[in-house]
Amino acid sequence: MTIRTPSRSIFRPNKVPSQDILRENRRLIQDIDRRGVLRGALSLGALTFLTGCNVSEDDQVQTVLRAVSSWNDKVQSWIFRPDHLAPTFAESQVVKPPRFNAHYGIEDVMPVDGKSWKLELSGLIENKRPWTAEELYALPEQELIIRHICVEGWDYIGQWSGVNLKAFLQRIGADLSAKYIAFHCADDYVESIDMPTALHPQTILATKYAKEPIADPFGFPLRLRTSTKLGFKNPKWIVAMEVTNTFPETFYSKQGFNWFSGI
Amino acid sequence: MRPESTVHTHLRKFHPAPVRIMHWINAVAIFIMIGSGWKIYNDEVIFGWLHFPEWLTIGKWAQHGLQWHFFGMWIFVLNGLAYLIYGFATGRFRRNLVPIRWSELVATIKESLRLHLAHDDLTKYNAVQKILYIGVMCVGVLTVLSGLAIWKPVQFSELAALFGSFQTARLIHFLCMTAIVLFVVVHVTLALLVPRTLVAMITGGPTIDDATPPEPAAETLQNARSAP
């Protein structure tokens, strides 16, 4: 079962309003959030006794639940062990092909043309020259046979290879003291991860699955694979990468999924 | 040997206020965890024949179920820890949950089968009650541990390894939920059959005088009688 999200409406504008105003007023928004927690907490106790009454969409309840989710982001960053390796597996356990998942069906995947494709770089990076697939595929590879765990509850073992993200960040002169890395994808998907996860030894920009170039539905020509996050934190069909200190909201965090989503 | 002069009456309720507060906080936490857990389960079922009715679940979509679950976990874990520490530190567990005697257990089961439940004294748990209360606490701890193994199979990989594979941990977490649901069904049914027990968890129940421990002689006698 895929994560059920509303299909893209034809009435939805292609360009979303600028998020800059949110960024500039982050402090004010957080202050409002804090007051909301107190207000919400009072009504929450009473609300939970109302069985069968769906309160999850209620704005005040969402405010509380999202505040707790942000707190859980912090807790997860404290729990995170930067050098602790995820279990790895034997080649014989690898599932081929990997399991597909997106917020749309596999038949709606729009393949990326590897010849014209480029990886754009932006933000706190010294050398922002775009990379072609050929250049990226020529970089030293690291192979990971790791468990992919979906937020829904299923899992499979996959064999991914590609350049180590930390090595790539060093190569392009990224500011490794920045807080976040954001990924923009060919299907308008946006995902972001924290810097400690980006620097984890088992985080790669994957170009191959089971020693073959990744097939179209699974992210050709470039996707992220990290052993320490849920599946949806591993964006496919990456077209741009940004190193930033401004928190980048993501496709799923906007919908209420936990942002850090570490495993 | 206790000198006569230090004996003073110390009256307290059978369910002191902290126990009552923690009990009802736990009731709310269990309600949140099970309702939201069913929502999460429905998104990727373990058994094809089992989907929980949507109206019984908490949260509109999966993400809301997850939000509730990872909110409720703090209430359940912090309150549960406080309860365990309180139970051990004050001697409540030692006083109420042990010893469990075989003869008593057999007798209670026989009586229950004859649909005769003795409950003249609310302050004395029978052997079945003791086993159920200890059992559900152990299940609660296992629920948290298997939950942690599912939530953080990499950061807590040592713990996760104890549960075998990721899906085994999920199954154990599910079975723990099942055990808790069964406990709640029995617990609530019995509380409704003997409403005094329900009232006691609100008002505190009978007053007990800590200063008059049971006569040692009587206890020895009872031990001798109940010995096989």
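Fair warning: this is a prediction, and the values are worked out from it, not measured in the lab. Chain letters run A, B, ... following the sequence lines, proteins first, then strands; residues in each count from 1.
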- request: Tell me the residues of residues 77-93 of chain A whose non-hydrogen atoms fall below 4.5 Å from those of chain B, in number order.
  value: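 At a heavy-atom separation under 4.5 Å, chain B is reached by A:Ile79, A:Phe80, A:Arg81, A:His84, A:Ala86, A:Pro87.
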
A:Leu230 portion near chain B, given a 4.5 angstrom heavy-atom threshold: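 Neither; nothing under 4.5 Å.
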
- prompt: With no hydrogens and no angle check, do the side chains of B:Gln67 and A:Gln62 hold a donor and an acceptor under 3.5 Å apart?
  reply: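 Yes - a donor-acceptor pair under 3.5 Å links their side chains.
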
Flag for A:Asn258-A:Gln76: side-chain donor and acceptor within less than 3.5 Å: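 Present: a donor and an acceptor within the cut-off.
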
message: Once side-chain contact (heavy atoms from CB on, under 4.5 Å) is applied, do any residues pair with B:Met33, and if so which ones, sequence neighbours excluded?
response: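 If we apply the side-chain contact (heavy atoms from CB on, under 4.5 Å) test to B:Met33, skipping adjacent residues, the hits are B:His69, B:Met73, B:Phe76.
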
task: Check whether NZ of the Lys or CZ of the Arg B:Arg92 lies under 6.0 Å from the centre of the six-membered ring of B:Phe14 and within 45 degrees of that ring's axis.
output: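 Geometry flag: set, cation within 6.0 Å and 45°.
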
task: Specify which of B:Ala160, B:Gly65, B:Pro153 makes the most heavy-atom pairs with chain A at under 4.5 Å.
output: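 Most pairs with chain A among the choices: B:Pro153.
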
Which pairs would a plain distance check flag for residues 165-173 of chain B, meaning a side-chain donor or acceptor within less than 3.5 Å of a matching protein atom at least two apart in sequence or in another chain?
from	atom 1	to	atom 2	distance (Å)
B:Ser165	OG	B:Gln167	N	3.4
B:Ser165	OG	B:Thr168	N	3.2
B:Ser165	OG	B:Thr168	OG1	2.8
B:Gln167	OE1	B:Arg170	NH1	3.1
B:Gln167	NE2	A:Gly153	O	3.0
B:Gln167	NE2	A:Asp155	OD1	2.5
B:Arg170	NH1	A:Gly153	O	3.2
B:Arg170	NH2	B:Glu44	O	2.5
B:His173	ND1	B:Thr143	O	3.1
B:His173	ND1	B:Ser146	OG	3.0
B:His173	ND1	B:Gly147	N	3.3

field: Between A:Ser227, A:Gly262, A:Ser69, the one whose heavy-atom pairs under 4.5 Å with chain B are most numerous
entry: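 Ranked by heavy-atom pairs under 4.5 Å with chain B, first place is A:Gly262.
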
query: Salt bridge between A:Asp194 and A:Lys229, side-chain N to carboxylate O under 4.0 Å?
result: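 Judged by the 4.0 Å cut-off on N to carboxylate O distance, A:Asp194 and A:Lys229 do form a salt bridge.
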
Tell me which donor-acceptor pairs under 3.5 Å the side chains of residues 187-202 of chain B have, and how far apart each pair is, sequence neighbours excluded?
from	atom 1	to	atom 2	distance (Å)
B:Thr189	OG1	B:Val185	O	2.5
B:Arg196	NH2	B:His119	O	2.9
B:Thr197	OG1	B:Val194	O	2.7

